[in-house]
Every structure is written in C-alpha cells, then in structure tokens.
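Working notes, structure below.
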Amino acid sequence: MAPSAPRTRATAALRMKQISLDNQDSTIRRLRVQLATERRGLAATKKELKETQVALEASHKVITGLTEIGLSMSKKIENMKVKKQLVKANHVECHQKFQARIHEAEDSMQAQHLLIEALVDEKDSLLQTIHDLQEANNAPAPFDGDWEEEPEE
C-alpha cells in the first residue's frame with residue numbers, strides 16, 4: 001500500500017489546491033461583483049456631483065444677479081431719499097417765502113387801513129371846518145343835494 005499513499009497525498013494536495021483555487025475564484029468573483037457595484041455607485045455619485053455642480057453654478061449666477069439688483073435698488077432708494085430731502089427743503093423754502101409774502105401783504109394792508117382811517121378822519125375834520133366856516137359866514141351848504149344843472153348851449 002505504500003505506492004498508493006503518495007498518490008493519495010498528492011491527490012489530497014491537488015484536491016486542497018483545487019479547493020483553494022475554487023475559493024480564490026469565488027472570492028475574485030465576489031470582489032469583481034463588489035467592484036462593479038462600487039463603480040456603479042461611484043458613477044452615480046459622479047453624476048450627482050456634476051448635477052450638483054451645475055445647480056450650484058446656476059444658483060451662484062442667480063445670487064449674483066439678485067445681488068446686483070439689490071445694489072441697484074439700494075442706489076435708487078438712496079437717490080430717492082436725497083431727492084425727497086431736496087423736495088422737502090424746497091417745500092419748506094417756498095412755504096417760508098409765501099409766509100413772508102403773506103406777512104408783508106398783511107403789514108401793507110394794515111398800513112393802508114391806518115392811512116385810510118387817517119384820511120377819513122382828516123376828511124371829517126375838513127368837512128367839519130367847512131361846515132363851521134359856512135355857519136360863521138351864513139353861506140349856504142355847498143353840497144346839500146340840490147344841484148342845478150346848467151343849460152346846454
């Protein structure tokens with residue numbers, strides 16, 4: 001039986017090597033499947049990354065545009081505030097000018113009123129003097145309402 005023992009050992013060694021190769025082949029297939037799965041996952045991740053990058057760039061453009069619009073609006077608002085202040089200052093100035101004109105007109109009217117009162121008082125005084133002189137001279141009243149019209153020629 002001696003000759004069969006080495007064959008059996010060789011066969012067993014060969015069988016062990018075959019099992020080892022089968023295990024390695026199975027491990028290789030499993031690793032290849034795992035690698036293919038990882039590659040598909042990586043490709044999907046790369047695709048998502050590219051889509052995200054495109055979306056991010058689009059968002060950046062939108063944000064830049066909105067920022068420019070915001071800055072433009074801020075400038076316009078500041079200009080409007082300045083214009084509003086100028087309009088308000090002009091309004092105050094016009095109001096003050098009109099108030100001064102009104103005050104001058106009131107002063108002028110008051111002075112004219114005092115002058116008219118003084119003239120009326122002077123007229124009354126003159127009429128009284130005329131009346132007193134007429135009474136002193138026994139002369140008829142000049143303006144008694146009896147007018148005589150001169151005949152036309």
Side-chain angles (χ1 to χ4, degrees), residues 14-153:
L14 255 144
R15 182 72 186 134
M16 291 297 282
K17 284 183 180 178
Q18 186 63 41
I19 291 172
S20 176
L21 286 173
D22 287 345
N23 285 341
Q24 287 177 355
D25 189 42
S26 175
T27 301
I28 289 171
R29 276 194 303 266
R30 186 174 41 80
L31 288 174
R32 282 185 179 163
V33 168
Q34 188 178 359
L35 179 62
T37 303
E38 289 294 326
R39 283 183 178 163
R40 283 192 300 270
L42 181 61
T45 303
K46 282 183 179 179
K47 184 179 178 185
E48 288 177 13
L49 179 62
K50 184 67 176 175
E51 291 172 355
T52 303
Q53 186 177 4
V54 169
L56 183 62
E57 288 172 1
S59 295
H60 180 68
K61 287 180 183 178
V62 169
I63 289 169
T64 301
L66 290 174
T67 302
E68 289 176 7
I69 290 171
L71 290 174
S72 174
M73 293 300 291
S74 293
K75 287 179 184 177
K76 286 181 181 180
I77 289 170
E78 286 300 317
N79 288 340
M80 289 173 70
K81 285 180 180 178
V82 168
K83 286 180 183 178
K84 182 179 177 182
Q85 289 174 347
L86 289 174
V87 167
K88 187 175 182 179
N90 286 339
H91 175 75
V92 168
E93 183 180 346
C94 287
H95 180 72
Q96 289 172 345
K97 285 181 182 178
F98 282 128
Q99 289 293 1
R101 285 182 185 171
I102 290 170
H103 187 67
E104 287 175 13
E106 287 174 347
D107 289 348
S108 175
M109 287 173 52
Q110 189 175 10
Q112 289 175 358
H113 182 69
L114 292 173
L115 183 62
I116 290 170
E117 284 182 3
L119 289 172
V120 167
D121 289 345
E122 188 177 339
K123 176 189 150 216
D124 289 343
S125 173
L126 287 173
L127 285 175
Q128 185 62 40
T129 303
I130 290 170
H131 183 63
D132 291 345
L133 287 173
Q134 285 175 341
E135 282 184 1
N137 292 330
N138 287 331
F143 303 110
D144 59 359
D146 296 333
W147 289 90
E148 295 182 15
E149 295 186 17
E150 294 181 13
E152 294 181 14
E153 295 181 19

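Each residue takes its place number in the sequence, starting with 1. If you're wondering where the values come from, they're calculated on a predicted model, not measured in any experiment.
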- Message: Pair Ile102, Glu106 - check side-chain contact (heavy atoms from CB on, under 4.5 Å), show working.
- Response: CA-CA 6 Å; Ile102 290 170; Glu106 287 174 347; 3.7 Å; yes
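- At a threshold of 4.5 Å between non-hydrogen side-chain atoms, the residues Leu31 and Leu35 do not count as touching.
- Between the side chain of Thr64 and the main chain of His60, a donor-acceptor pair closer than 3.5 Å is present.
- No donor-acceptor pair closer than 3.5 Å links the side chain of Ser125 to the backbone N or O of Asp121.
- For Glu122, the CD atom is loosely surrounded, since the number of other residues' heavy atoms within 6.0 Å does not exceed 12.
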- Assess whether side chain to side chain donor-acceptor pair (under 3.5 Å) is satisfied between Gln18 and Asp22, documenting all intermediate values. CA-CA 6 Å; Gln18 186 63 41; Asp22 287 345; 3.2 Å; yes
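- To the nearest 0.5 Å, atoms CG (Leu42) and CZ (Arg40) are separated by 12.0 Å.
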- Task: Could you walk me through whether His103 and Gln99 pass the side chain to side chain donor-acceptor pair (under 3.5 Å) test, one step at a time?
- Result: CA-CA 6 Å; His103 187 67; Gln99 289 293 1; over 6 Å; no
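- In this structure, Ser74 contributes its side chain and Gly70 its backbone to a donor-acceptor pair below 3.5 Å.
- Rounded to the nearest 0.5 Å, atoms NE2 (His91) and CD (Gln96) are 10.0 Å apart.
- In this structure the side chain of Arg29 reaches within 4.5 angstrom of the side chain of Asp25, judged on heavy atoms.
- Put simply, NZ on Lys47 and NZ on Lys50 are 13.0 Å apart, with the number rounded to the nearest 0.5 Å.
- One distance of note links CZ of Arg39 with NZ of Lys46; it measures 10.5 Å at 0.5 Å rounding.
- We find the CG-CG distance between Asn137 and Asp132 to be 11.0 Å, quoted to the nearest 0.5 Å.
- Between Met80 atom CE and Met73 atom CE the span is 8.0 Å, to the nearest 0.5 Å.
- Although no hydrogens or angles enter the test, the distance criterion places no donor-acceptor pair under 3.5 Å between the side chain of Ser72 and the main chain of Glu68.
- The backbone N or O of Met16 lies less than 3.5 Å from no partner atom in the side chain of Ser20, so there is not a single donor-acceptor pair.
- Within the 4.5 Å cutoff, no side-chain heavy atoms of Phe98 are placed close to those of His95.
- For the pair Glu93 and Lys97, the salt-bridge criterion is met [side-chain N within less than 4.0 Å of a carboxylate O].
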